[in-house]
Amino acid sequence: MELRQLRYFLAVAEELHFGRAAERLHIASPSLSQQIKKLERDLGAALFVRDRRHVELTRAGAALVGDARQILELADAAARRVRGTARTKLRLGHVSWLPAELTRLLGDVVRLDEWVLPSHTQVVRVAEGTLDLALAWVDTGRLSSLGLVAHLVRIETLPAIVPGDQPAARLDTVPAPSVSVLVDSDQSSWLAWNEFALDYAAASGARVVHIDDGGVTGQAFFDHVTRLRVPVLQSPKRHTAPFPPSLVRRPIGAPGPGWTWSLVHRRDDDRPEVAQVVERVLGLRATMRWDEPGAWLPATDPHRASAQRHERREQQPGHHG
C-alpha cells in the first residue's frame with residue numbers, strides 16, 4: 001500500500017462518488033479508479049461495490065477506513081516531526097522548466113526530486129508532504145483545496161509552430177483564431193495542459209484538436225503540425241526531439257497565451273528554510289525579468305490579477321520601471 005492510495009481510498013469512502021472524489025483530489029476519474037483497483041489487487045479484497053448509479057463500501061472497505069485514517073495521521077505527524085528537527089535539504093519537484101541559474105542559486109538548500117511529473121501531480125505531492133516545494137503550473141482551485149501558496153516565478157509566452165511552406169509562416173505574428181491547440185486523451189499526463197488549452201481556445205477562438213498519442217510534445221507534436229498544415233500552439237513541455245527545419249516558430253497575436261511557472265509550498269509551512277528559498281527565487285526572478293508582461297492568462301490563474309496590474313502600471317505615461 002502507498003500513502004497516496006490510502007488518501008485516494010479515503011476520498012472515495014467519504015464522498016461515495018468517484019467523480020466528486022476525483023474533483024476533490026484534482027486528478028482524473030480514470031486515474032483514481034485505476035489506483036483504487038491497484039489497491040484492491042494489492043490487498044486481495046474488493047473495497048467498493050460500484051455501478052452506474054451508486055458507490056458503497058464493502059465490509060473490507062468499511063474495515064479499512066479507520067486504519068487508513070490512523071495510518072495517514074501517523075505519517076503526517078511523523079513528517080511534521082522530521083521537518084521540525086531535521087536539517088536535511090528541502091525536496092524540490094519540477095515539471096519541465098528548470099533554469100541553471102535557479103539550480104545554482106538553491107544548491108545548498110534544496111535537492112531536486114528525481115520524479116519529473118506533470119504539474120497537477122507535483123502540487124498534490126507538495127500538499128501530501130512528499131515534496132516541500134515544486135516549480136509547477138497551478139490554478140486557484142487547487143491552491144485553495146490543497147492548502148497551498150504559489151509565488152510567480154516566470155510567465156512564459158507560448159509561440160505557434162507553423163509549417164514553413166504555409167502563408168502563416170511569413171507573418172510577423174499569427175492571428176490567435178487561426179491557431180490549433182492539441183488536447184490529449186491521457187488526463188493523467190496532460191490534465192493541467194488540457195485545462196489551459198481549452199481555456200485558451202474558448203478565449204481566443206482557437207481550434208481544439210483532440211489527440212490520443214501523447215503528441216503534445218516531442219516528435220509526435222511536430223508530426224501533428226506537419227499533418228495539420230496550420231499553426232499549432234506549442235506547450236511549455238521541453239522538446240527532446242530536434243526542431244525540424246521544415247517548421248518555424250511565430251509569436252501569436254492577441255490574446256498571446258502565457259504559461260505561469262510558480263514556486264508552490266504548503267500554506268502552513270513556516271520553516272525558515274522555505275522562506276529562504278522563496279526569497280532567493282523571487283530575487284532571481286526580478287534580476288532575470290522572467291515575468292513577461294502582456295501575456296493572456298486563464299481566469300483561474302492565481303497571478304492573473306497581479307500581472308494585469310503590472311501591465312497597466314508599465315503602460316502609464318512617465319513610468320520608468
Side-chain angles (χ1 to χ4, degrees), residues 2-4 6-7 24-27 71-156 192 236 259-291 297 300-307 310:
E2 299 178 9
L3 292 179
R4 179 178 60 170
L6 289 179
R7 294 186 197 278
R24 169 175 150 185
L25 293 164
H26 293 288
I27 63 173
I71 289 168
L72 292 172
E73 287 170 2
L74 286 170
D76 291 343
R80 287 193 296 270
R81 284 193 296 273
V82 170
R83 286 196 296 266
T85 60
R87 302 298 296 175
T88 56
K89 290 184 176 181
L90 301 174
R91 296 154 300 174
L92 173 67
H94 69 287
V95 178
S96 176
W97 179 70
L98 188 69
E101 296 92 344
L102 192 145
T103 57
R104 285 195 297 268
L105 180 71
L106 301 178
D108 62 324
V109 288
V110 306
R111 62 178 176 84
L112 294 180
D113 188 81
E114 60 187 24
W115 289 4
V116 179
L117 297 170
S119 284
H120 65 279
T121 303
Q122 296 292 44
V123 297
V124 168
R125 293 181 67 207
V126 173
E128 291 177 345
T130 54
L131 288 176
D132 298 299
L133 307 120
L135 194 61
W137 181 89
V138 66
D139 64 359
T140 53
R142 289 181 176 89
L143 288 178
S144 176
S145 64
L146 296 174
L148 302 175
V149 174
H151 305 274
L152 178 63
V153 181
R154 182 187 180 190
I155 300 177
E156 180 178 355
W259 178 273
T260 54
W261 293 108
S262 297
L263 183 66
V264 180
H265 63 82
R266 291 178 293 280
R267 183 176 293 117
D268 62 357
D269 194 341
D270 57 0
R271 288 174 293 170
E273 296 89 345
V274 172
Q276 181 184 33
V277 170
V278 171
E279 182 179 6
R280 288 188 187 183
V281 171
L282 296 187
L284 182 63
R285 183 195 75 182
T287 300
M288 302 299 293
R289 299 184 65 83
W290 279 330
D291 47 346
L297 301 179
T300 57
D301 193 294
H303 310 298
R304 186 183 189 191
S306 60
H310 174 76

Rounded to the nearest 0.5 Å, what's the gap from [atom1] on [X] to [atom2] on [Y]? Could you check?
X	Y	atom1	atom2	answer
Leu148	Arg267	CG	CZ	7.0 Å
Glu128	Arg7	CD	CZ	5.0 Å
His26	Thr121	NE2	OG1	12.5 Å
Asp301	Thr260	CG	OG1	3.5 Å
Leu146	Leu25	CG	CG	8.5 Å
Leu263	Leu92	CG	CG	7.0 Å

For the student: nearest non-hydrogen atoms of [X] and [Y], plus distance:
X	Y	answer
Arg111	Lys89	N-CB, 3.9 Å
Leu297	Arg304	O-NE, 3.3 Å
Thr130	Arg91	O-NH1, 3.2 Å
Ser262	Val153	C-CG2, 4.1 Å
Gly129	Arg266	CA-NH1, 3.5 Å
Val95	Pro118	CG2-C, 4.1 Å

Option among Trp290, Trp261, Trp259 that satisfies the side-chain hydrogen bond (donor to acceptor under 3.5 Å, both in side chains) test with Glu156: Trp261
Test your reading of the model: is there a side-chain donor-acceptor pair from [X] to the backbone of [Y], 3.5 Å cut-off?
X	Y	value
Arg280	Leu105	yes
Ser145	Gly141	yes
Ser119	Ala136	no
Glu273	Val110	no
Thr103	Ala100	yes
Arg285	Leu152	yes

Within 6.0 angstrom of Glu101 CD, more than 12 heavy atoms from elsewhere: yes
Aromatic rings His265 and His151: how do their planes relate, parallel, tilted or perpendicular, breaks at 30° and 60°? parallel
Is the shortest side-chain heavy-atom distance between Leu98 and Leu112 below 4.5 Å? yes
Taking only Lys NZ, Arg NE, NH1 and NH2, and the carboxylate oxygens of Asp or Glu, determine whether Arg4 and Glu2 approach each other closer than 4.0 Å. yes
Run the numbers on Leu117 and Arg125 for side-chain contact (heavy atoms from CB on, under 4.5 Å), then give the verdict. CA-CA 10 Å; Leu117 297 170; Arg125 293 181 67 207; 3.9 Å; yes
The single option from Leu133, Leu131, Asp132 passing side chain to side chain contact (heavy atoms under 4.5 Å, CB included) against Asp113: Leu131
